[in-house]
Amino acid sequence: MADVFRKEQLAHFRSTRDTRDRLDLITEQTPVRSQRLRADRIIYHPGDTSARHYHVGAHQLFVVLAGRGLLHVPDGTHRLERGAVAVVAPGEEHWFENDTAGDFSFVEFWAPPPEDTVWVVEDDC
């Protein structure tokens with residue numbers, strides 16, 4: 001039998017840096033407990049940007065659900081839009097930016113869960 005959860009059953013966070021919105025899908029605290037996978041849904045509203053960071057010991061995969069935005073990595077900037085998939089390797093610095101007038105949303109997966117997240121500029125998260 002499949003497990004189905006309502007949005008209200010999942011942890012929901014708003015960024016203290018800007019207006020980003022995160023819904024935890026798979027963590028150690030959600031009804032879907034997993035030792036090998038983490039996932040959440042992120043919405044970047046117009047003008048939102050994350051801080052430059054990287055994850056230790058985890059590949060990260062992004063599946064864009066709606067809108068358009070920018071993925072910044074050391075070798076350049078990539079325009080992502082609905083249907084795009086991007087993969088970031090363990091230890092690869094990255095950050096996102098919504099430079100459009102609409103929302104930009106994606107689901108992100110980590111496998112395995114990261115050992116740590118390192119913010120390139122301390123306290124800029």
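These values consider heavy atoms only, across backbone and side chains, with no hydrogens, waters or symmetry-generated copies.
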Exercise. Can you name the side chain to side chain donor-acceptor pair (under 3.5 Å) partners of Arg22, sequence neighbours left out?
Worked result: Asp24
Exercise. Does any non-hydrogen side-chain atom of Leu70 lie less than 4.5 Å from one of His78?
Worked result: no
Exercise. Among pairs that include at least one residue of residues 107-120, which meet salt bridge (Lys or Arg N to Asp or Glu O under 4.0 Å), considering only residues two or more places apart or in two chains?
Worked result: none
Problem set entry | Separation between CG of Leu37 and CG of Leu25, rounded to the nearest 0.5 Å | 10.0 Å
Problem set entry | Qualifying salt bridge (Lys or Arg N to Asp or Glu O under 4.0 Å) pairs with a residue from residues 87-97, counting only residues at least two apart or across chains | Arg52-Glu93
Exercise. Listed by chain and number, what are the side chain to side chain donor-acceptor pair (under 3.5 Å) partners of His59, not counting sequence neighbours?
Worked result: none
Exercise. By side chain to side chain donor-acceptor pair (under 3.5 Å), which residues pair with His94, not counting sequence neighbours?
Worked result: His53, Gln60
For this session: Would you indicate whether the side-chain heavy atoms of Asp40 and Leu23 approach each other to under 4.5 Å?
Result: no
Problem set entry | Validation row: Val118, Val56 side chains within 4.5 angstrom (heavy atoms) | yes
Problem set entry | hydrophobic_cluster_shared for Val63 and Ile26, side chain cutoff 4.5 Å | yes
For this session: Give, for atom NE2 of His72 and atom OG1 of Thr77, the distance between the pair rounded to the nearest 0.5 Å.
Result: 4.5 Å
For this session: Give me the other members of the hydrophobic cluster that Trp110 sits in, counting Ile, Leu, Val, Met, Phe, Trp and Tyr linked by side-chain heavy atoms under 4.5 Å, directly or via other members.
Result: none
Problem set entry | Results of side-chain contact (heavy atoms from CB on, under 4.5 Å) for Leu65 - residues two or more places apart only | Arg41, Ser105, Val107
Seminar exercise, completed: Distance col, row His45:NE2 vs Thr19:OG1, nearest 0.5 angstrom, shows 4.5 Å
Exercise. Do you know the tightest heavy-atom contact between Ala58 and Pro112?
Worked result: CB-O, 3.0 Å
For this session: Determine whether Val87 and Phe109 fall in the same hydrophobic cluster, where Ile, Leu, Val, Met, Phe, Trp and Tyr are linked whenever their side-chain heavy atoms lie under 4.5 Å apart.
Result: yes
For this session: Report the C-alpha separation of Thr49 and Asn98 in whole Å, then their side-chain angles, then the decisive distance to 0.1 Å, and conclude whether the side-chain contact (heavy atoms from CB on, under 4.5 Å) test is met.
Result: CA-CA 6 Å; Thr49 180; Asn98 183 351; over 6 Å; no
For this session: Could you tell me which residues satisfy ring pair (Phe, Tyr, Trp, His ring centres under 6.0 Å) with Phe106, sequence neighbours excluded, listed by chain and number?
Result: Tyr44, Phe62, Phe96, Phe104
For this session: Among Ile, Leu, Val, Met, Phe, Trp and Tyr joined by side-chain contacts under 4.5 Å, find the other residues sharing a cluster with Trp95 and list them by chain and number.
Result: none
Problem set entry | Residue list, side chain to side chain donor-acceptor pair (under 3.5 Å) with Arg79, at least two apart or on another chain | Asp99
Exercise. Are Leu71 and Ile42 co-members of a hydrophobic cluster defined by side-chain heavy atoms under 4.5 Å apart?
Worked result: yes
Seminar exercise, completed: Sorted by chain and number, sequence neighbours left out, side-chain contact (heavy atoms from CB on, under 4.5 Å) with Ala84 holds for Val64, Leu80
Problem set entry | Verdict with reasoning, Val121 to Trp119, per side-chain contact (heavy atoms from CB on, under 4.5 Å) | CA-CA 5 Å; Val121 177; Trp119 305 101; over 6 Å; no
Exercise. At their closest point, which heavy atom of Pro90 faces which heavy atom of Gly57, and how far apart are they?
Worked result: CB-N, 4.1 Å
